[in-house]
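This structure is in structure tokens; I'll ask about it shortly.
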There are 2 protein chains.
Amino acid sequence: MNPLQAKHQAAVAAAQAARADYRAGKVTPTAGVAPGMTQANMIALPRDWAWDFLLYAQRNPKPCPVLDVVEAGAHQTLLAAGADVRTDIPLYRIWRDGQLVDEVTDATPFYAEHGGLVTFLIGCSFTFETPLQQAGIEVRHITDGSNVAMYTTNRACRSAGRLRGNMVVSMRPIAADRVSDACLISGRFPSVHGAPVHVGDPAAIGIADIGCPDFGDPVRIEPGEVPVFWACGVTPQAAVMASGVPFAVTHAPGHMFITDVPDEHYHV
Amino acid sequence: MNPLQAKHQAAVAAAQAARADYRAGKVTPTAGVAPGMTQANMIALPRDWAWDFLLYAQRNPKPCPVLDVVEAGAHQTLLAAGADVRTDIPLYRIWRDGQLVDEVTDATPFYAEHGGLVTFLIGCSFTFETPLQQAGIEVRHITDGSNVAMYTTNRACRSAGRLRGNMVVSMRPIAADRVSDACLISGRFPSVHGAPVHVGDPAAIGIADIGCPDFGDPVRIEPGEVPVFWACGVTPQAAVMASGVPFAVTHAPGHMFITDVPDEHYHV
């Protein structure tokens with residue numbers, strides 16, 4: 001086996017080991033875990049909301065790029081051999097009538113309670129963080145071992161059926177002379193949020209205080225750095241809240257589903 | 001107005017004029033019409049098939065990249081101001097129980113007959129033909145004023161619900177020393193089929209006779225040229241046939257819906 005093959009096998013093994021840890025109950029944000037393996041956001045909805053959601057995703061492909069759909073009654077995905085979407089995410093959120101009511105490490109009982117949940121796995125900007133770092137661009141929340149900072153913006157998504165809501169973004173501070181590189185590199189991953197949706201002034205997209213993210217952790221911005229904002233896969237959770245969806249299971253922000261698919265798979 | 005703005009406005013005007021001609025009954029393949037404006041495949045299905053189809057498209061994004069969904073009862077699309085999806089395509093096909101039963105220039109009566117058709121507009125490889133030509137790569141069917149050649153392959157799509165079928169491809173003969181350029185250029189348009197799915201031997205993907213396309217016109221291949229195959233938006237029609245869908249309206253192959261969206265919009 002050549003070194004690149006060995007590296008790939010090690011990455012797949014790291015993804016499998018992480019999923020096994022999460023299945024066993026370990027809770028941790030997944031940024032920087034199993035580097036090189038695609039991570040995914042998750043939302044599971046009752047069957048009668050599935051059409052509205054898939055349409056919402058189609059109409060808002062930057063925040064909601066669908067990587068796989070697991071039909072009602074199934075819990076496996078082509079993205080990760082042997083994985084179970086009900087157990088292999090470190091932390092799940094349970095939503096009733098648009099309200100967050102619980103966080104759990106095992107969503108199985110909730111799938112059993114609502115026999116017909118359809119699970120959507122959605123691209124995550126973590127996918128292009130490895131290429132950013134390989135290009136010498138610091139990803140601050142990885143440096144600091146924290147969760148990425150996420151904010152609800154004032155930008156309305158295109159509604160679909162009963163679903164509406166504003167776009168959620170993730171923010172990375174980027175040195176001014178690397179902003180262009182960060183745009184180009186992430187832009188080559190259009191199915192995992194792609195290029196930034198906003199560069200600079202947080203107030204222009206309705207973020208009142210950059211130090212107080214709506215999800216995740218605050219991330220320090222050093223002098224000479226520009227806050228750069230990418231569409232975020234937490235957007236479906238904002239839609240759940242804004243639309244009063246009767247029942248949903250999602251991942252907890254920053255606590256993603258780790259797949260066996262190399263980031264390169266989404267590189268165009 | 002600067003020359004580029006003027007060129008854009010002329011292209012939009014050409015798209016609008018073409019749609020008006022088709023609405024009035026003109027029938028012609030659309031390759032090379034309104035250059036620089038995105039063209040789209042179309043399929044309209046009864047409401048109870050819409051979920052299966054949107055899932056089929058999500059699972060087969062190379063042949064079925066969805067650009068817009070027009071919900072039941074509506075006939076307008078954000079992709080083209082003032083257009084009506086029932087009338088503005090030059091030629092429609094009517095399908096019953098998986099069989100082609102008619103070709104018409106106005107689909108309005110069929111929408112009326114089946115009150116709840118949902119219309120899907122799907123990316124078309126014509127979108128990257130302008131960039132190919134701008135790079136000096138000849139697009140033979142445009143040179144010859146014919147329809148592009150399309151073939152049903154032996155490659156199964158991922159099924160969804162009641163929908164299954166094989167991938168349909170379009171073929172362009174490319175000079176051997178430009179094949180790489182053609183891959184790179186089209187690959188930068190991932191939401192309109194992107195890079196080729198096959199280069200070279202037609203038999204390897206189940207095409208017995210390259211001179212006898214399943215859809216469109218035969219296209220001559222000159223010495224030194226390689227047949228290059230792209231995923232094609234006629235794939236949904238193959239699924240209609242293979243799955244015995246009870247009712248569908250589609251565009252006729254090569255007779256596309258011309259939008260007001262510049263090709264560049266889909267460039268990453």
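Residue numbering restarts at 1 for every chain, and letters A, B, ... go by the order of the sequence lines. Just so it is clear, the structure is predicted and the values come from calculations on it, not from any experiment.
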**Message:** Quick check: closest heavy atoms across Val69(A) and Arg59(B), and the distance to 0.1 Å?
**Reply:**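 Closest approach of Val69(A) to Arg59(B), heavy atoms only: O-NH2, 2.9 Å.
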**Request:** Would you mind reporting whether Trp51(A) and Leu55(B) have side-chain heavy atoms less than 4.5 Å apart?
**Result:**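 Leu55(B) does not reach Trp51(A) side chain to side chain.
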**Prompt:** Under a 4.5 Å heavy-atom cutoff, which of Pro190(A), Gly161(A), Ala50(A) has the most pairs with chain B?
**Reply:**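 Of the options given, most contacts go to Ala50(A).
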**Request:** Could you tell me which portion of Phe120(A) (side chain, backbone, both or neither) has an atom closer than 4.5 angstrom to a non-hydrogen atom of chain B?
**Result:**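 When you check distances to chain B, only side chain atoms of Phe120(A) fall under 4.5 Å.
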**Message:** Between Leu184(A) and chain B, with a heavy-atom cut-off of 4.5 Å, which part of the residue counts as in contact: side chain, backbone, both or neither?
**Reply:**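 Looking at Leu184(A), nothing touches chain B.
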**Asked** Is the shortest heavy-atom distance from the side chain of Leu78(B) to the side chain of Arg158(A) under 4.5 Å?
**Response**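 Yes; the side chains approach each other to less than 4.5 Å.
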**Item:** From CZ (Phe53(A)) to CG (Leu54(B)), nearest 0.5 Å
**Value:**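 So the gap between those two atoms works out to 11.0 Å.
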**Toward chain B, the part of Arg188(A) with a non-hydrogen atom under 4.5 Å** =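 When you check distances to chain B, no heavy atom of Arg188(A) falls under 4.5 Å.
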**Item:** Region of Ala160(A) in contact with chain B, defined by heavy-atom distances below 4.5 Å
**Value:**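 Neither part, no heavy atoms under 4.5 Å.
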